[in-house]
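Below, chain A is the first sequence line, B the second, and so on; all start at residue 1.
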Amino acid sequence: MTDIDLAVLERHGLKRDEYDRIVRALGREPTMTELGIFSVMWSEHCSYKSSRVHLRKLPTTGTRVLQGPGENAGAVDVGHGLAAVFKIESHNHPSFIEPYQGAATGVGGIIRDIFTMGARPIALLNSLRFGSLDGPEGARTRRIVEGVVAGIAGYGNSIGIPTVGGEIAFDDSYAGNPLVNVFCLGIVRADALVKGSAAGTGNPVYYVGAKTGRDGIHGATMASAEFDEKSAEKRPAVQVGDPFMEKLLLEACLELMKTDALVGVQDMGAAGLTCSTSEMGARGGSGIEIDVSLVPQRETGMTPYEIMLSESQERMLLVVKKGREAEVEAIFEKWDLHAVHIGDVTTDGILRVTERGTVVAEIPNTALVDQAPVYDRPRTRPSYLDQVARLDESILADSRQPSSKDALFALLASPTIASKRWVYRQYDHMVRTNTLVLAGMGAGVVRIKGTPSALAISTDGNGRYTYLNPRLGAMLALAEAARNVACAGAVPIGATNCLNFGNPERPEIMWQFAEAVEGLGDACRALDVPITGGNVSLYNETDGQAIYPTPIIGVVGLIEDASRVVARAFRQAGDEVVVLGEHLGELGGSEYLSVVHGVVGGAPPRLDLDRERALIALLTRAASAGLLQSAHDCSDGGIAVTIAESAFDTSGIGVAVDLPRSISTAGTLFGESASRAVISVKPEHLGKLMALAGELGVPAARVGRTGGSSIAIRVDGRSELECSLAEAENIWSNALGKYFAGRAA
Amino acid sequence: MKARVFVTLKPSVFDPQGQTIADALHSMGYGDVGDVRQGKYFELELKSGSADRAKTLAAEVADKLLANPVIESYRIEVE
Amino acid sequence: MKARVFVTLKPSVFDPQGQTIADALHSMGYGDVGDVRQGKYFELELKSGSADRAKTLAAEVADKLLANPVIESYRIEVE
Amino acid sequence: MRFAVVVFPGSNCDHDAYHAAKHVLGQDAELVWHKNTSLEGADVVILPGGFSHGDYLRTGAIARFSPIMAAVAEFARQGGPVLGICNGFQILLESGMLPGAMLRNRDLKFHCEHVHVAVERTDTPFTCQAVRGQVLKLPIAHGEGNYYADQDVIRTLESDGRIIFRYCRPDGQRDPRANPNGSVNDIAGICNEQRNVVGLMPHPERACELVLGSADGLVLFESVVSALTTQGALGAVASLLG
Ligand SMILES: Nc1ncnc2c1ncn2[C@@H]1O[C@H](COP(=O)(O)OP(=O)(O)O)[C@@H](O)[C@H]1O
Ligand SMILES: [Mg+2]
């Protein structure tokens with residue numbers, strides 16, 4: 001019967017041996033529809049076949065963890081009987097094809113993952129990577145940036161979830177493959193967490209939301225293949241987001257979850273109906289039988305194959321208790337949604353798809369979900385590592401440096417460091433009136449209404465570091481995210497991660513991946529921050545050119561007393577400026593080398609996890625004791641940029657400091673040594689702060705005072721850099737917006 | 001010389017705007033209204049002399065700026 | 001039966017979208033493009049039998065929903 | 001005092017307005033579903049911000065047909081105080097309860113940031129506790145807040161003192177750069193002829209607690225509470241007019 005040849009397999013992104021595996025699992029040749037179903041469920045995106053063996057090494061348990069990896073999102077206990085549900089997910093490939101819709105539907109997808117857990121989403125963040133805004137690809141990149149930012153804004157603003165933070169970096173390695181990673185966090189009563197499982201034989205299975213079209217068919221398989229000129233044809237109809245529909249789904253589902261009529265729910269994300277039916281069945285240890293002819297359809301003449309594989313947005317699959325149908329339908333009707341009964345839960349553990357009664361697919365859920373291939377792919381250490389590790393020290397000779405002031409201004413104007421106001425001003429970051437730290441002022445901080453607490457969230461990752469040293473780069477990413485929430489006064493309690501890498505079938509890439517995951521695991525254990533979930537995005541390559549390996553880590557921190565929240569900016573003149581941590585003058589992999597010398601090389605900053613842990617303890621204890629006026633993590637651009645940024649958005653509070661020289665002047669000012677922060681404290685609190693630092697073994701040095709109208713930096717007593725705060729802030733504030741002035745929307 | 005450019009979503013692409021309008025009209029009792037699709041409409045004043053030149057120019061502009069080829073197609077009229 | 005509704009801003013109303021597009025085109029070197037106005041374009045599937053009835057229905061829908069008389073005017077074509 | 005906050009399916013600042021009225025001011029507050037036909041004895045009506053029906057067509061264009069709007073119009077006709085915030089303002093314009101219309105922001109971008117507005121008139125139930133010329137720091141969050149009306153309408157609004165809020169610098173001075181969206185005459189908020197229906201683009205409900213960056217929005221809520229407690233809804237407006 002089957003006309004399945006290698007060409008067909010190729011189109012489905014299936015290898016010959018994977019096909020044989022399918023035949024074994026079924027005990028027969030699959031039908032075309034079944035092949036389609038296997039192809040998406042066994043795609044890299046859905047099956048994690050290349051990453052699974054490594055992800056197992058991540059610590060996923062802890063006293064606060066209520067839900068680890070495996071459900072639609074993870075959850076941690078935040079006290080007061082509440083849970084924070086959060087996850088990060090990538091939408092890289094769709095955003096490259098259609099920036100606005102790709103980014104918008106990415107936001108839509110992660111929001112669904114959160115409210116399917118029963119949580120009310122209260123915060124969004126995003127981590128973005130683009131090519132350089134200048135140069136040959138500059139024009140295209142600027143279009144992509146405008147589209148992605150507008151898409152994130154268009155979706156989040158409309159549905160009314162504040163986008164409270166995130167980060168953006170620009171580097172040529174992302175020119176042909178931008179990264180769009182979106183994070184969402186929601187709050188739910190800990191005892192009301194909803195699972196995505198189908199149980200209870202005879203319980204009805206409902207479809208609700210947008211109608212099914214031919215959108216994104218094979219989106220999942222596409223997200224698992226590199227781009228090349230041919231992928232143009234492979235392109236599925238682009239998915240268009242409908243935030244209003246999602247808003248209706250969000251409210252209706254949360255209303256339904258207040259009743260006990262719901263058994264389980266899952267959004268139809270990647271691999272749509274196929275993924276939701278089989279995963280829910282597998283989780284519930286049961287089967288699901290649906291009739292595709294009952295599925296609401298937007299287009300005519302859709303085949304079962306197309307209906308099962310469609311990735312139309314804003315659709316949910318629900319299993320409800322038998323006998324409660326009327327009640328459930330009424331709730332959706334209130335929101336002008338029509339829940340359609342498309343099938344039922346069965347005992348036999350089989351995903352059975354019928355079309356007007358005739359069976360078109362019959363597959364054991366376990367075959368799709370658990371028996372998916374798992375690969376321990378070959379790994380080899382990339383040879384480039386040795387070349388980049390060597391750094392021509394002579395460029396660091398002070399004689400060859402531009403003036404420190406020029407270097408600082410160049411860094412402040414670098415899009416990666418410059419103010420992102422042009423971006424976050426387009427995001428509604430205040431809706432729901434929980435936002436305690438306004439966008440751009442540090443980690444995203446939202447209060448938890450009805451409790452005295454707040455949550456701080458930061459997403460971070462440095463592709464350059466990870467390129468130079470995958471293991472260390474991933475550790476530094478987790479450390480920076482944790483440090484950022486600590487700077488807001490929050491104790492890190494959980495993390496999620498999005499691992500953006502190249503083609504895992506290349507041993508060098510697989511090596512980077514394995515190293516990064518191990519580093520991440522070590523850092524999580526040392527800082528005692530469990531991973532509750534995440535997402536893996538592989539094949540981030542264009543024409544064989546891989547992006548920098550880029551793990552993005554989202555860390556969630558808890559602030560017991562929301563009134564103790566700390567932000568980046570100085571609060572008043574006359575406060576003491578203190579630098580926490582040790583300066584090692586490390587320039588390897590720094591923004592300085594890249595921006596000022598056009599060099600990407602050297603070793604990324606060392607990371608001593610005990611020191612990082614101590615710094616985090618100090619920051620959070622000092623904050624809760626009310627000792628901190630401001631706190632700012634030291635990262636891209638080093639201490640000079642960190643000090644300057646602490647003076648920005650203060651309506652003119654300058655600063656004068658004297659720093660100890662470490663190795664070179666450039667290293668002192670622009671080195672990116674880890675585990676450091678710049679804080680300001682009231683003079684009367686300096687003693688207490690220093691005592692606490694001593695107690696916790698954190699190097700702390702009072703380096704100067706806030707005040708005046710300039711940024712003045714001395715090194716070992718010698719004046720090294722002095723500039724007008726207004727001039728510096730002006731450069732930093734307008735650098736990014738300049739690229740987009742007067743372009744058509 | 002005036003060129004009018006009509007940009008519409010490709011038929012296969014979902015049009016939430018049109019859908020919402022259709023739903024609203026139905027709830028307002030307009031049962032006779034079926035499918036609704038929303039597009040963009042541009043009027044360009046062109047200095048170019050001939051109708052053909054105008055059409056070519058408009059097409060170029062549509063390709064470059066007015067329409068997004070990934071999800072939209074366009075039609076041009078010159079008067 | 002299909003009705004096409006074109007909604008445009010009244011001439012007296014400043015059109016920020018059209019203006020931005022015109023500016024962009026000029027900066028892209030399209031000197032021959034003068035004024036640009038952006039409007040909305042709707043395609044309505046109508047069950048009504050006659051062209052006249054369709055036109056009246058479309059006009060009613062445009063008056064009530066598709067166009068805001070304070071800033072916009074519209075034109076209807078039926079095919 | 002009973003606040004009714006109307007909930008359209010795409011409203012997303014409904015809970016913020018409810019929170020301000022109920023938890024910050026400690027007043028009675030009800031969320032009223034847009035399909036209801038009655039305001040259930042409310043003393044004040046708030047049309048909240050958001051994207052009432054997705055608003056892909058025009059902000060507020062579809063919301064004006066919601067069943068509740070007839071009740072809101074009648075409530076206003078009888079002099080009841082109605083406040084339209086952001087999308088609520090746009091709905092009031094679309095439904096003709098206030099004159100004019102909204103265009104997309106001058107730069108075609110959504111703006112979310114704190115701006116400053118000057119209180120031009122204190123003879124409305126929502127500004128009676130403010131001082132004339134008082135500068136309020138309030139957040140905006142909109143893509144279509146570029147207020148437009150034809151010359152005659154603008155002239156009448158100016159001459160009848162119906163422009164209630166104007167964008168300005170922190171020092172209260174008018175300045176084109178302080179106008180975030182291109183609104184005619186820096187208009188941020190207006191009222192109807194009876195002065196009991198007020199609409200504005202900025203979000204006072206987001207500025208009722210200092211921890212959120214400003215508490216300047218409180219004065220709108222305190223004003224209507226005092227206006228109503230002193231004379232009751234209808235009397236309040238009558239006395240302001242007289
Ligand atoms: N890098 C990772 N670390 C930990 N868990 C992960 C990671 N990537 C994926 N997971 C987990 O695997 C499960 C499936 O993820 P995913 O396929 O992205 O869900 P979705 O179907 O919403 O896309 C989720 O529970 C997710 O948290
Ligand atoms: Mg999911």
Item to complete: Find the one option among Val36(C), Val7(C), Leu66(C) whose heavy-atom pairs under 4.5 Å with chain B are most numerous.
Response: Val36(C)
Item to complete: Please flag which part of Leu44(B) lies under 4.5 Å from any non-hydrogen atom of chain C: side chain, backbone, both or neither.
Response: both
Worksheet entry | Exercise: identify the closest heavy-atom pair between Val33(C) and Lys47(B) | O-NZ, 4.1 Å
Worksheet entry | Residue part contacting chain C, namely of Lys64(B), when any heavy atom lies under 4.5 Å | side chain
Discussion item. Return the CD to CZ distance between Gln17(B) and Phe42(C), rounded to the nearest 0.5 Å.
Written reply: 8.0 Å
Worksheet item: Is Lys40(C) reaching over with its side chain to a backbone N or O of Gln38(B), donor-acceptor style, under 3.5 angstrom?
Response: no
Worksheet item: Which atoms of Met1(B) come close to chain C, meaning under 4.5 Å heavy atom to heavy atom: side chain ones, backbone ones, both, or neither?
Response: neither
Item to complete: Determine the option with the most heavy-atom pairs under 4.5 angstrom with chain C, choosing from Gly39(B), Gly34(B), Ala58(B).
Response: Gly39(B)
Worksheet item: To the nearest 0.5 Å, what is the distance between CG (Leu25(C)) and CG (Leu57(B))?
Response: 8.5 Å
Worksheet, complete the sentence: Rounded to the nearest 0.5 Å, the CZ atom of Arg4(B) sits from the CZ atom of Phe6(C) at a distance of 6.0 Å
Discussion item. If you compare all heavy atoms of Thr8(C) against all heavy atoms of Glu43(B), which two are closest, and at what distance to 0.1 Å?
Written reply: CG2-OE2, 4.3 Å
